Amino acid sequence: MKVLVPVKRVIDYNVKVRVKPDQTGVDLANVKMSMNPFDEISTEEAVRLKEKGVASEIVVISIGPAQAQETLRTALAMGADRGILIQTDQDLEPLAVAKLLKAVVAEEAPGLVLLGKQAIDGDNNAVGQMLAALLDWPQATFASKIEISGDTATVTREVDGGLQVLSLSLPAVVTADLRLNEPRYASLPNIMKAKKKPIDIKPVADYGVDVAPRLTVLKVAEPPKRQGGAKVESAADLVSKLKNEAGVI
Amino acid sequence: MAVLVIADHDGATVRDTTAKTVTVALAIASDVDVLVAGGSAAAASAAKISGVRKVLTAESTGLGHNLAEALTALGEQLAGGYEAILTPATSVGKNFAPRLAAKLDVALVSDIIEVVDAKTFVRPIYAGNALETVKVGEGRFVATVRATAFKAASEGGAAPIEAVPASDATGRAASFVSEEVVKSDRPELAGAKIVVSGGRALGSAEEFHRVIEPLADKLGAAVGASRAAVDAGYAPNDYQVGQTGKVVAPDLYVAVGISGAIQHLAGMKDSKIIVAINKDADAPIFQIADYGLVADYKVAVPDLMAELEKIGK
């Protein structure tokens, strides 16, 4: 079974995000960029499926600028077999991304598309669900466990209040939550090997898909600052202030 | 035109996230219908929300398990009468709303925290470290609402209840196997007035139970945890407060032994009052806490319990 893993290049999760003074977006100049952490988890899961003999080939795909090749190389170093970059400098909305992925699915015919549940930049949490809709495939989001047997995936999902287990006939779309696995660090030999793995670069136009935005971003602003920093001396002082000053107990 | 709110419910009543989403819907249009899917018994509570025009109910096996494929099929069936379809950004809402938007080929606005006008909304990006104002174009759209950012629409309505036919999703759909829902007498984390959360400093699941839960029970609070505590296995995953867990905004948030990683702050910084108890005076949590107590929780929490006892808690 072929597994398709979409990965996104985003601002590194340890970097403090700064809004541009003209409020047109977030400052990405000279900022460390990395693979979206949830996509590292989905890549890791695909590699484990291959190690178990369930997956036969892992194709990673990124839609983004030329530098997204670095993100693909990271996934290749983790164990993916080949990469596809649909190159664009445009910041595409989830629906446009899902439409491009649908076109890639038509070419690649994977048995499973494994995505991160959300990208930590736009925080939309939408592409997997949208892709499943466009393909009319079953979906399981927020996966914390995936078991594949024959042409059925049994997926445990993290939901409000607990866990839900779903059964999906393949092909299907699954999105990874935090606790699905702990991604490996690529070893140096694997990083070297990844440099030789193929990456196919294509323009968005090749896919004949409508990627026009549906939303207009009017501005991006800093959230209001919270005034904190006050200290109390003791538990007695704390209870007194909560009762008399804040009135919350 | 009208707005459809797809309710968040527990099968018996709608949760207050639904009334909060109605608040957003009423800011978009004056005609607001609420759909209670797979839990018709909850329709009566939805009908009491002020400003609701009518309540729709639908039943099917898939709807009963909140499956995305079934909710999407029903949403598609009803979409014709509405300019917007809203649902709270719960694990159910986040699961089906993007699927519905893609099926309808319309815009999706995730996690609305403010309504500017009927077409313009504010939503957090980068874990709430930036706020994006977006405008949807002409025509229908689908949105999820971060309920903690809004006040609930008041009670006092008496909307009519109408059943609509629903068939299980045609085409390929996931099927339900089982679920494990944690039963608790404590308030639900997402809607609680007080939340007591524990972090990595607790050191073990036993210590988490021994320290955090009695304090929460004394305050009538829900229990939360930092990602570090959940990853270490001290608390179950649905306790996690943060960017990748639940977003809460209670009147009082008590963080015990939590350092305050950015990803945790993203999930609780909109709380009205934040209390931090941590022995490290330099922990980032103190920068946003209204009341910081620099102390070892092993001493501070028993002291706090005793002081609460004194005021009759």
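Since we're looking at a predicted model, the values are computed, not measured.
Inter-residue side-chain proximity for Q243(B) and D123(A) is flagged as met; some heavy-atom pair is nearer than 4.5 Å. Taking 4.5 Å as the limit, some side-chain heavy atom of V230(B) sits within range of a side-chain heavy atom of R179(A). Residues V177(B) and V155(A) fail the side-chain proximity criterion, which asks for heavy atoms closer than 4.5 Å. Two residues are said to be in side-chain contact when any heavy atoms from C-beta on lie closer than 4.5 Å; K99(A) and D105(B) meet this criterion. A 4.5 Å side-chain heavy-atom check between L100(B) and Q129(A) finds every atom pair outside the cut-off. Put simply, the side chain of S91(B) does not reach to within 4.5 Å of the side chain of E158(A), judged on heavy atoms. Between L131(B) and P224(A), the closest side-chain pair of non-hydrogen atoms falls below 4.5 Å.
To the nearest 0.5 Å, atoms CD1 (I273(B)) and CD1 (I249(A)) are separated by 11.0 Å. Atoms CD1 and CD, on I288(B) and Q227(A) in that order, are 12.0 Å from each other to the nearest 0.5 Å. With values rounded to the nearest 0.5 angstrom, D177(A) atom CG is found 8.0 Å from Q240(B) atom CD.
With hydrogens and angles ignored, the 3.5 Å screen pairs a side-chain donor or acceptor of Q139(A) with a backbone N or O of N95(B). The main-chain N or O of V109(B) is never found under 3.5 Å from a side-chain atom of R214(A) such that the two would form a donor-acceptor pair. Under the 3.5 Å distance criterion, the side-chain polar atoms of R172(B) are left unmatched by any main-chain donor or acceptor of L168(A).
Closest approach of Y291(B) to L238(A), counting heavy atoms only: CB-CD1, 3.6 Å. P223(A) and G128(B) make their closest contact through CG-O, 3.3 Å (heavy atoms, listed as atom of the first residue, atom of the second, distance). N237(B) and G162(A) get closest at one heavy-atom pair: ND2-O, 4.4 Å. Listed here is the closest heavy atom pair of A173(B) and P138(A): C-CB, 3.6 Å. The nearest pair of heavy atoms linking V217(A) to V134(B) is CG2-CG1, 4.1 Å. Closest approach of R99(B) to A133(A), counting heavy atoms only: O-CB, 3.4 Å.
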Could you go through the side-chain contact (heavy atoms from CB on, under 4.5 Å) check for L166(A) and H65(B) one step at a time? CA-CA 10 Å; L166(A) 297 181; H65(B) 295 301; over 6 Å; no

List the steps and the verdict of side-chain contact (heavy atoms from CB on, under 4.5 Å) for L108(B) and M130(A). CA-CA 10 Å; L108(B) 170 75; M130(A) 288 179 157; 3.8 Å; yes

Test side-chain contact (heavy atoms from CB on, under 4.5 Å) applied to V92(B) and V159(A), step by step: CA-CA 8 Å; V92(B) 173; V159(A) 297; over 6 Å; no

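Of the listed residues L304(B), L293(B), V181(B), the one with more heavy-atom pairs under 4.5 angstrom with chain A than any other is L293(B). Put simply, of I11(A), T141(A), T156(A), the one with the most heavy-atom pairs under 4.5 Å next to chain B is T141(A). Contacts with chain A were tallied for L189(B), V106(B), D111(B); V106(B) has the most, counting heavy-atom pairs under 4.5 Å. The candidate with the highest count of non-hydrogen atom pairs below 4.5 Å against chain B, out of D121(A), D210(A), V17(A), is D121(A). Heavy-atom pairs under 4.5 Å with chain A peak, among N129(B), L67(B), V116(B), D303(B), at N129(B). Counting heavy-atom pairs closer than 4.5 Å to chain A, the top-ranked of the candidates G220(B), S175(B), A289(B), S110(B) is S175(B). Note: S169(A) leads S169(A), A140(A), A153(A) in heavy-atom pairs under 4.5 Å with chain B. Chain A forms more heavy-atom pairs under 4.5 Å with one residue of L308(B), V294(B), D238(B) than with any other, namely D238(B). Counting heavy-atom pairs closer than 4.5 Å to chain A, the top-ranked of the candidates G245(B), A127(B), A97(B) is A127(B).
Looking at A221(A), the atoms closer than 4.5 Å to chain B (heavy atoms on both sides) sit in the backbone and in the side chain alike. Looking at V26(A), only its side chain comes within 4.5 Å of chain B, counting heavy atoms on both sides. Residue contact with chain B, scored on non-hydrogen atoms closer than 4.5 Å, is absent for E93(A). Heavy atoms of V301(B) lying under 4.5 Å from chain A are absent altogether. Looking at L215(A), both its backbone and its side chain come within 4.5 Å of chain B, counting heavy atoms on both sides. Of the two parts of T175(A), neither the backbone nor the side chain holds a non-hydrogen atom closer than 4.5 Å to a non-hydrogen atom of chain B. In this structure, no portion of L131(A) lies under 4.5 Å from any heavy atom of chain B. Using a 4.5 Å cut-off between heavy atoms, K117(A) touches chain B through its side chain atoms alone. With a 4.5 Å cut-off on non-hydrogen atoms, K193(B) does not touch chain A at all. Proximity to chain B is absent for every atom of A98(A), based on heavy atoms less than 4.5 angstrom apart. In this structure, chain A has a heavy atom under 4.5 Å from the backbone of A281(B), while its side chain stays farther away. With a 4.5 angstrom heavy-atom cutoff, T72(B) does not touch chain A via any of its atoms. In this structure, chain A has no heavy atom under 4.5 Å from any part of K119(B). Contact annotation for E180(B): both backbone and side-chain heavy atoms come within less than 4.5 Å of a heavy atom of chain A. Neither the backbone nor the side chain of E182(A) comes within less than 4.5 Å of any heavy atom in chain B. Only the side chain of R157(A) comes within contact range of chain B, with heavy atoms under 4.5 Å apart. Neither the backbone nor the side chain of Y13(A) has a heavy atom closer than 4.5 Å to any heavy atom of chain B. For T120(B), the part sitting under 4.5 Å from any heavy atom of chain A is the side chain, from C-beta outward, and nothing else. Contact annotation for A295(B): neither backbone nor side-chain heavy atoms come within less than 4.5 Å of a heavy atom of chain A. Looking at P171(A), the atoms closer than 4.5 Å to chain B (heavy atoms on both sides) sit in the backbone and in the side chain alike.
Open room surrounds CG on D91(A); 12 or fewer heavy atoms of other groups in view lie less than 6.0 Å from it. Within 6.0 Å of the CD atom in E188(B), the count of heavy atoms belonging to other residues, nucleotides or ligands does not exceed 12. Remark: K145(A) NZ is loosely packed, at most 12 non-hydrogen atoms of other residues, nucleotides or ligands lying under 6.0 Å away. Within a 6.0 Å radius of NZ in K219(A), no more than 12 heavy atoms belonging to other residues, nucleotides or ligands are found.
In this structure, D160(A) does not pair ionically with K94(B), as no charged nitrogen and carboxylate oxygen lie closer than 4.0 Å. A salt bridge is defined here as a Lys NZ or Arg NE, NH1 or NH2 lying under 4.0 Å from an Asp or Glu carboxylate O, and D136(A) with K103(B) meets this definition.
With R226(A) as the partner, the side chain to side chain contact (heavy atoms under 4.5 Å, CB included) test is satisfied by one option alone out of D290(B), L265(B), D270(B): D290(B).
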